[in-house]
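As the structure lists them, so they are numbered: ligands from 1, and atoms in each ligand from 1.
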Amino acid sequence: MSNDLDAMNELHWLIDMVQTIEVGLIVLDRNYNIQLWNGFMENHSGISPNSIKGKNLFTELPDIPADWLKQKMESVFLLKNRTFISWEQRPYVFKFKNYRPITGRADFMYQNITLLPLASLTGSITHISIIVYDVSDIAVNKLQLKAMNQQLEELSQTDGLTQLHNRRHWQECMEREFERFARYQDQASLIMIDIDNFKQINDKYGHPAGDKVIQHIAHLLKQSLRETDCAGRYGGEEFAIVLAKTGDTDALYFTERLRKKIEASEIICDNRIIKVTVSLGINEIKPNSDNSSVWLSGADKALYQAKQNGRNQSVVFTTQN
Ligand SMILES: Nc1nc2c(ncn2[C@@H]2O[C@H](COP(=O)(O)OP(=O)(O)OP(=O)(O)O)[C@@H](O)[C@H]2O)c(=O)[nH]1
């Protein structure tokens, strides 16, 4: 008698706990009709256990990705094995609003889900349990950390004044492009750009005005680039670009258009108009280029030649440079 009472108590406690636990519990039969729907599910869906019992899960909650979840559940029935669905795989299965104060930034509740086969007294799998864990805190923290890391990575690759790639990152990009060429024999051209007589601009208008000129050139440069091109601030008043899939004839067309655009533009600083020009050196990858340094130094030599020739011009590297 006392054993019966103990067992009854245990069952009663268990039912109480199932109802109040901060985890969603659902039991479905073979046709996905709901047999159990605990307090957590009621609180977050607004649907009471009495009103949903015996009804089909997918009819009652049409937001659930039915085909996808059925496929998972069928394999649980078939293999008699539990399955886990992580929030990283699918942020949620049940579209519940997120009310947590800490993770107020998430609109919905991130969920980890376990699908558990339930055996009848005869041992056959007649039902399935869906266990829903609210993992919004973990998910939001992880996503925030990921976003911050991404931001940090971008910052570590970006030049603060111009928002172009910084020298180190540009160099990596250039080396990648060089290796790609070595593998696929693709065309690519490297361009070095230097602002003409920049020291005089600093001396005449002041360093802040000089900075503004650098930003202005970077802005015009960005406007001229394609998605696949890679541009960076190589030094103080020097920029470097890799034009993907571009031979030196097209690169020259690009640099001349940019040069003329810069020449025609003006920078207004403290009510004064500043006009600048740039010199540009171009070097197309050659099939016999040994390494990326040779490619870079070819463009640098062509730039030097452009300066020697009187500035405000583009020069294509040849072995005579
Ligand atoms: N305002 C500003 N000036 C910089 C920056 N970095 C380098 N400079 C200046 O840029 C000038 C570069 O001058 P030089 O290399 O002598 O060449 P240049 O006057 O441009 O003459 P050419 O290149 O021969 O046409 C130096 O005076 C540097 O101090 C920067 O970030 N901002």
Quiz prompt | Under the side chain to side chain contact (heavy atoms under 4.5 Å, CB included) test, residues paired with N309 that sit two or more places apart | solution = Q305, Q313, V315
Quiz prompt | By disulfide (SG to SG under 2.5 Å) - contacts of C269 (at least two apart) | solution = none
Practice problem: Give a yes or no on whether the backbone of S189 and the side-chain of T246 come within a donor-acceptor separation of less than 3.5 Å. | Solution: no
Could you give the side-chain donor-acceptor pairs of residues 207-225 under 3.5 Å, partners two or more places apart or in another chain?
from: K212; atom 1: NZ; to: I268; atom 2: O; distance (Å): 3.0
from: Q215; atom 1: NE2; to: L161; atom 2: O; distance (Å): 3.1
from: H216; atom 1: NE2; to: S265; atom 2: OG; distance (Å): 2.8
from: H219; atom 1: NE2; to: Q223; atom 2: NE2; distance (Å): 3.3
from: K222; atom 1: NZ; to: T162; atom 2: O; distance (Å): 2.8
from: Q223; atom 1: OE1; to: K261; atom 2: NZ; distance (Å): 3.3
from: S224; atom 1: OG; to: L220; atom 2: O; distance (Å): 2.9

Exercise. Flag yes if more than 12 heavy atoms outside K286 fall under 6.0 Å of its NZ atom; otherwise flag no.
Key: yes
Quiz item: Near ligand 1, which protein residues have a heavy atom under 4.0 Å away?
Solution: D194, I195, D196, N197, F198, K199, N202, H207, G210, D211, I214, R233, G236, E237, K307, R311
Quiz item: Which is it for V276 and I201 under the side-chain contact (heavy atoms from CB on, under 4.5 Å) test, yes or no, and what are the steps along the way?
Solution: CA-CA 9 Å; V276 285; I201 291 165; 3.0 Å; yes
